[in-house]
There are 2 protein chains.
Amino acid sequence: MVAASKEGKPYHHGDLRAALLTAAEAELIEKGVDSFSLRGTAKRAGVSHAAPAHHFRDATALLDAVAAVGFSRLADTMRGEQALAGPGKSEQFVAAGVGYVRFAIDNPEMLELMFGRSRTDGDHPDLARHAEAAFSVLVNAVGHIRGRHVFKSEEGWRDVAACWSMVHGYAQLVISGRMGFVATLEFDEQRGVIEDLMRRALPDSAFRMRDDSAVPTQSGRPSF
Amino acid sequence: MVAASKEGKPYHHGDLRAALLTAAEAELIEKGVDSFSLRGTAKRAGVSHAAPAHHFRDATALLDAVAAVGFSRLADTMRGEQALAGPGKSEQFVAAGVGYVRFAIDNPEMLELMFGRSRTDGDHPDLARHAEAAFSVLVNAVGHIRGRHVFKSEEGWRDVAACWSMVHGYAQLVISGRMGFVATLEFDEQRGVIEDLMRRALPDSAFRMRDDSAVPTQSGRPSF
DNA sequence: TTGAGTACTTTCCACTGAAAAGATAACCTC
DNA sequence: GAGGTTATCTTTTCAGTGGAAAGTACTCAA
C-alpha cells in the first residue's frame, strides 16, 4: 500500500486490485451483466484499459472475483436476517430464505452474474469457496430442522434441493419482473409470501417416508 | 418465397427472416448467450453481416424473436409431457413441471436467453404473447386442481408462484450444474425428483386456509 | 548506485454491432 | 411487356470491445 503522492495521480495505484473489484461492481450495476466493459471498469478505477491484466488474467477472472464477493455478501445477508429472526429452528430456516431473496432484490445484476450459465466456478477455487460458504447457511438451516443425519441420505439433499430451488426460482423471477403480484410490495410485505414458499418447500411431515433407497452420495449433493 | 436460381446463390434469399431465426438459434447453442454474434449468425445464414438489419431492428430484436420461439417450444414440451401422462389432474400438473425441466435441460442456452434480466419483453408484444401462452399451461394445471375460482384471490396466484418458482429454480440450478445429485441421472430417473418438488409446491391441503384477504388483483399476477 | 522486477501505459490487432450508401431484384402500374 | 418504385441485400465505414506486445515509470534489494 503506497500513499498517493501530493500532485497528480501516482504511477502506482497502490491497491488497484481492490479498486478494480469496486469499480467492476459499479460497472456491473450500471451497465448490466452483458454490457459490462473491462475498459469502462478500468476508466472508473482511473487506470488504463490494460492495467487490470496485471491483477486479473482476463475479464472473466475479474467477474469471477466480483461473483465471489457476491456470494460472500449473500451469506452475510442470510445470516443477517437470521440474526434478526427468532431463535426457533423454523424461524431461522425461513430467515435464510428471506435473506436470499433480499439479497437478490438488492443486487439483481450480481445474482445474474453469480448464477449465470457462463460462470464456470470449477476452475476458480476462491469463487467456489465463497459459494460453498453461502450454500452452507441454507444447508445448516435445513439440517437444524431435519437433523444432521439426513445428509447421509439422498432424501436430505432433496429437502435442500427443494428449498434452494424454491427460493432461487422465486428470487430470479422477482428480479426479472415476472412476479407482478409482489412487485408493488415493500420488502417487509413480501416476508409472508417468502415464508409461505419456504414452508411449502420443507413441509413438516409430508414426503418424509418415501423410499428411494438411493445410495447416499456426498459428492453428488447440490452445491453452489 | 422464391426458388433459388440454379447457379450460385440468388441475390434475394427468399425467406431470410426464418433462416436467421434458425441460424441465430444454432449460434446461440454453439457460442452461448453472451458470446452470441450477429455477424456469426449472418454468416451461418449465408448473407452479409448487415442483411439482418432489414428483418430485425438490431441484435436484441433478433434474440427476442428467438426467445419467442423458445417460449413456444417450452409450451409444446409441457403439453407434450401432459399428453404422455395420465389424465388425472395431479398427473397433468406434475407433467407440466416435468416438461418445464425437460425443456430447460434440452435447451439450456435458450432458457438463459428467455429468462435473462436483459430481456425486456414489455416492448415486444410477440414475445410477451408466446411467453403468456407458455405460462398459461402451468396456470391451467394449477387451476384444474385448485378450481378456477382461485385466481380471483391472491392465494391462487401464490399457488402458481410457488409452483413456478420451484420448477424454474430447479431447472436453472440443474442447467447451471449446481444440482450434483441429479447430474448423473438420466432424465427419466429425474421424474421422481421433479414430482416430489411439484407436490411440495402445491400441497394437497396445507396453507389453504391462510387468510390474507388481499384485494384480488388480476393485473398483478405473476406472468411470463 | 545499480540492476532487476513489478505496475502501469501505449500501441496495435481482430472482432463486434450499427449506420450509411450503393447494388440488385422483385413488384406494380400502365 | 416497359418503366418506375420499393424492398432486399452488399460494401464500406466507424466507434467500441478484449487481449497481446512492447515500452515506460516506479520500487526495492544488493
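Proteins come first, then strands; the chains are lettered A, B, ... in the order of their sequence lines, and each starts at number 1. Remember, it's a predicted structure, so these values are computed and weren't measured experimentally. Worth knowing before you read on, the calculation uses all heavy atoms, side chains too, and leaves out hydrogens, waters and symmetry mates.
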note: B:D34, atom CG; D:dG18, atom C1'; distance rounded to Å ~ 14 Å

Sorted by chain and number, sequence neighbours left out, salt bridge (charged side-chain N to carboxylate O under 4.0 Å, His left out) with A:D106 holds for none

Separation of C:dA26 atom C1' from B:H54 atom NE2, nearest Å, is 13 Å

Sorted by chain and residue number, the salt bridge (charged side-chain N to carboxylate O under 4.0 Å, His left out) partners of B:D76 (sequence neighbours excluded) come out as B:R79

Rounded to whole Å, CG of A:L16 lies from P of C:dT6 at a distance of 16 Å

A:K43 NZ to C:dC8 P, in whole Å, measures 18 Å

Contacts of A:R57 meeting side-chain contact (heavy atoms from CB on, under 4.5 Å) (sequence neighbours excluded), chain-then-number -> A:A61

Contacts of B:L185 meeting side-chain contact (heavy atoms from CB on, under 4.5 Å) (sequence neighbours excluded), chain-then-number -> B:V182, B:E189, B:Q190

When A:F135, A:F115, A:Y100 are each screened for ring pair (Phe, Tyr, Trp, His ring centres under 6.0 Å) with A:F71, the one that passes is A:F115

The complete set of salt bridge (charged side-chain N to carboxylate O under 4.0 Å, His left out) pairs with one or both residues in residues 26-37 of chain A, sequence neighbours excluded, reads A:E27-A:K31, A:E27-A:R44, A:E30-A:R44

For nucleotides 14-20 of chain C, 5' to 3', base contacts (B), sugar-phosphate-only contacts (S) and non-contacts (-) with protein non-hydrogen atoms under 4.0 Å give --SBBB-

